[in-house]
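The structure presented is a predicted model; accordingly, all values stated were derived computationally and were not measured.
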Amino acid sequence: MNNRTTGLALATLVALAAVGCSSASGTGRSGAANSAVAGEETTTPPVSQAELHRRLLTSADLGQGYTEVPDSGKQRSDVGITGCPALEKLGDSAQDGELAFAVKAKAGFAYTAGSTGNSTLGEELHSDTPAKLSEGTRALFKAYESCPSFTMTSGTTPVKIEIGSASAPSDLGDERYAHTMTVASGASTTVLKQVAVRTGNVVVMLTGAPGLVDAQLPAAVEKARSTG
C-alpha cells in the first residue's frame, strides 16, 4: 500500500490491534472532529525523507516505560475493508495516486507500566503541500465518519471495527481530526484512539491506547513542526 492514506491508517491499526491496547472512555458514535485555520500558504513543498524521519518521536522523547518497536519494513498487501463503501472508494483513489502523499515516516512503541500491562502507540508523519495534506486527511476521516462500523481483514483474519467520537486539543496545528476505534477480533476487544493533526506541510497521526495518544500528542506535534 505504497504511500496510501487508507493503507497507512489500516496497517497501523492491524499492528496495534494484534498487540492489544488498554481501554479508555470516550467512545461515542459521532465520528471525527475537526477545526481548521484558513488563509495560510498552501504551496509549501514537502520536507525531505531524512528530515521527516528526524521529526519522529523516540523513546527518549516519550519517557520511562516506552520501548521502540523496530519496523519490519514490509508493506501489508493483504489488508481489505468490507461494509464501508466510502473507505473502499478512497482506497481505490489512493491506489491511483490521487491521495498519495509525497513523503512518509513511521515509528511504533510498546508501553509497559506496572500492573496495567502492555499498551502500544504508533506514529506516522506525512509531508506534502499543505493543500494536498488537508484534502487527503479530511477525505480519510470523513470516510471513517460515514461508517459507524465495518470489517477489516488482514489475510484471512476478520476484524470488526466500530468508529466513535473523540477530540483533539483545539490549540494544536492548523487542522485536527480524531476518532476512537473499538476493534473486535475473536474474543478480544481493544479500544484505540486515532488523531491526525496537520501543522503546515506535515501531518502527525498517532494511533494507540487513548491515554497514550492524549499524553504524547502535544510533544509529537511540537517535534513535527521543528526546523532545528
### CE-NZ distance between M181 and K193, expressed to the nearest 0.5 angstrom
12.5 Å

### Task
State, with a plain yes or no, whether a side-chain heavy atom of H126 is found less than 4.5 Å away from one of V202.
no

### Query
When rounded to the nearest 0.5 angstrom, what distance separates SG in C84 from CD1 in I161?
10.0 Å

### Query
Within the side chain of D214, is there an N or O that forms a donor-acceptor pair under 3.5 Å with the backbone of G211?
no

### Query
Nearest heavy-atom pair of V197 and G173: which atoms, and what distance?
CG1-CA, 3.8 Å

### Message
Do Q194 and Y177 pair up side chain to side chain, a donor and an acceptor below 3.5 Å, judged on atom types alone?
### Response
no

### Query
Just wondering, do P130 and D174 contact through their side chains at under 4.5 Å, heavy atoms?
no

### Task
State whether E51 and R54 are salt-bridged, where the test is any N-O pair (Lys NZ or Arg NE/NH1/NH2 against Asp/Glu carboxylate O) under 4.0 Å.
yes

### Value rounded to 0.5 Å, distance of CG in L192 from NE2 in H179
9.0 Å

## Note on the structure
In short, S127 meets P46 closest at the heavy-atom pair OG-CA, 3.2 Å

## Note on the structure
Looking only at heavy atoms, the pair that brings A105 and L52 closest together is N-CD2, 3.8 Å

### Query
With hydrophobic residues grouped by side-chain heavy-atom distances under 4.5 Å, do L56 and V204 end up in a single group?
yes

### Separation between OG of S167 and CZ of R176, rounded to the nearest 0.5 Å
11.0 Å

### Query
Any side-chain heavy atom of L87 sitting closer than 4.5 Å to one from L140?
yes

### Query
Which value, rounded to the nearest 0.5 Å, describes the distance between T153 atom OG1 and I81 atom CD1?
8.5 Å

## Note on the structure
Taking every heavy atom of G83 against every heavy atom of E88, the minimum-distance pair comes out as N-OE2, 3.6 Å

#### Entry: Check: E123 side chain, G108 main-chain N or O, donor-acceptor pair, under 3.5 Å
no

### Query
Judged by modelled atom types alone, do E175 and S134 share a side-chain donor-acceptor pair under 3.5 Å?
yes

### Query
Where is the tightest heavy-atom contact between E68 and A107, given as atom of each residue plus distance?
OE2-CB, 4.3 Å

### Side-chain heavy atoms of T82 within contact of F150, under 4.5 Å
no

### Message
So T137 and F101, do their side chains get closer than 4.5 Å, heavy atoms only?
### Response
yes

#### Entry: Check: S59 side chain, Y66 main-chain N or O, donor-acceptor pair, under 3.5 Å
no

### Task
State, to 0.1 Å, how close S149 and E162 come at their nearest heavy-atom pair, and which atoms those are.
CB-CG, 4.0 Å

### Message
Any salt bridge linking R225 with E222? Criterion: basic side-chain nitrogen under 4.0 Å from a carboxylate oxygen.
### Response
yes

### Task
May I ask you to test the N201-D128 pair for a side-chain heavy-atom distance under 4.5 Å?
no

### Query
Heavy atoms, side chains only, cut-off 4.5 Å: are Q216 and L121 in contact?
yes

### Query
Can you tell me how far NZ of K160 sits from OG1 of T182, rounded to the nearest 0.5 angstrom?
10.5 Å

### Task
Give me the one residue out of L217, L172, T180 that meets side chain to side chain contact (heavy atoms under 4.5 Å, CB included) with V195.
L217

### Side-chain heavy-atom pair K223, T58 within 4.5 angstrom cut-off
yes

### Task
Without swapping roles, check the side chain of T129 against the backbone of K132 for a donor-acceptor pair under 3.5 Å.
yes

